[in-house]
Amino acid sequence: MRNTRSTTPIWQAIASALKADMSEGRYLPGDKLPTEAQLAARFGVNRHTVRHALSDLVEQGLVRTRRGAGAFVASTPTDYPIGARVRFHENLLAAGRRPEKRILDVECRAATTGEAWALEIDEGAPVCAYRGLSLADGAPIAIFESVFPLERTPGIDQYLTETSGVTEALARAGVADYTRASTRLTAVLADVTQALHLHLREGDPLLRSTSVNVEAKGHPVEYGRTWFAGDRVTLTLET
């Protein structure tokens, strides 16, 4: 009698099931997959079989693993141009990604020495500090902190919580247009808080962008620092 049982290896069937989960949106780029033990229980197999399936997905470029952290759905790095006009939403839309920002904190306080120097204001002058998380297609790609001199951008602390982005908030604060005056890129390692927000491990590589934006007359209106997840963004310099 002919054997009608499936000849598909179990590990291959598991890999196919996980690929289907990803294509249906159950797991999005950047999401952590269930542990080997959880997957073994789901499919009724041992962890060695699960490990074989995950290795196959890694070879296909669909999954990436980090020792001690687990397996994650891989994502193609987002192209992010840095030039005279840097606009988060426009950059991601141009790259075919869905942009999103989540506000972590907005506060008014006194400028630090470094902030005062970058913004060309007196140390201790009032500023608005705006912190948040940038996402592409629902996956976190960067943490940012922007500092605005309140004398040049009155009311921006309120506008940042009411509008969809910095450009609109600055416009409402009286800054119709702004351009990037300087950008400095530095390789750094993620601290505990950054790793938590970006779904990384402490010590994973980040690329920090430090910049100053100026208004039409050349006066600084924003001093910003952004920490990009090193494996999720490709920064390109535009001239």
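Side chains are part of it too, since the values below use all heavy atoms of this structure and drop only hydrogens, waters and symmetry mates.
For Arg64, the side-chain hydrogen bond (donor to acceptor under 3.5 Å, both in side chains) partners are Asp231, not counting sequence neighbours. For Thr112, the side-chain hydrogen bond (donor to acceptor under 3.5 Å, both in side chains) partners at least two apart in sequence or on another chain are Glu115. In this structure, Arg180 has no salt bridge (charged side-chain N to carboxylate O under 4.0 Å, His left out) partners at least two apart in sequence or on a different chain. In terms of the side-chain hydrogen bond (donor to acceptor under 3.5 Å, both in side chains) criterion, Asp191 has no residue partners (sequence neighbours excluded). Among residues two or more places apart in sequence or in another chain, the salt bridge (charged side-chain N to carboxylate O under 4.0 Å, His left out) test is passed with Asp204 by Arg66, Arg201. Every ring pair (Phe, Tyr, Trp, His ring centres under 6.0 Å) that His52 has, sequence neighbours left out, goes to Trp11. Partners of Glu202 under the side-chain hydrogen bond (donor to acceptor under 3.5 Å, both in side chains) rule, at least two apart in sequence or in another chain, do not exist in this structure.
Identified under the ring pair (Phe, Tyr, Trp, His ring centres under 6.0 Å) test for residues 150-195, with sequence neighbours left out: none. Applying the ring pair (Phe, Tyr, Trp, His ring centres under 6.0 Å) rule to pairs touching residues 191-213 yields nothing, sequence neighbours excluded. Identified under the side-chain hydrogen bond (donor to acceptor under 3.5 Å, both in side chains) test for residues 122-136, with sequence neighbours left out: Asp105-Arg131, Glu107-Arg131, Thr113-Glu123, Arg131-Glu145.
A continuous path of hydrophobic side-chain contacts links Phe43 to Met22 [ILVMFWY only; heavy atoms under 4.5 Å]. Hydrophobic clustering of Ile, Leu, Val, Met, Phe, Trp and Tyr side chains at less than 4.5 Å, counting indirect connections, unites Leu198 with Val188. Taking hydrophobic clusters as Ile, Leu, Val, Met, Phe, Trp and Tyr residues chained together by side-chain heavy-atom distances below 4.5 Å, Leu185 shares a cluster with Val233.
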Could you tabulate the donor-acceptor pairs under 3.5 Å formed by side-chain atoms of residues 147-157, not counting sequence neighbours?
unit_1, atom_1, unit_2, atom_2, d
Arg152, NH1, Leu119, O, 2.8
Arg152, NH1, Pro220, O, 2.7
Arg152, NH2, Glu120, O, 3.1
Thr153, OG1, Pro149, O, 2.7

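We find the CZ-CG distance between Arg172 and Leu170 to be 12.0 Å, quoted to the nearest 0.5 Å.
When all heavy atoms of Pro34 and Leu39 are compared, the pair lying nearest together is O-CD1, 3.7 Å. Val214 and Ala181 make their closest contact through CG1-CB, 3.7 Å (heavy atoms, listed as atom of the first residue, atom of the second, distance).
Contact annotation: the side chain of Val127 never approaches that of Cys108 to less than 4.5 Å [non-hydrogen atoms, C-beta and beyond]. Looking at Thr186 and Arg225, their side chains never come closer than 4.5 Å, going by heavy atoms from C-beta outward. Ser209 is listed as a side-chain neighbour of Thr183, based on a closest heavy-atom distance under 4.5 Å.
Both cation-pi conditions hold for Lys101 and Phe144: the charged atom is under 6.0 angstrom from the six-membered ring centre and inside a 45 degree cone around its axis.
Membership of an apolar cluster is not assigned to Leu28, as no side-chain contact below 4.5 Å to another ILVMFWY residue is traced.
Counting non-hydrogen atoms of other residues, nucleotides and ligands closer than 6.0 Å to CD1 of Ile10 gives a total of 12 or fewer.
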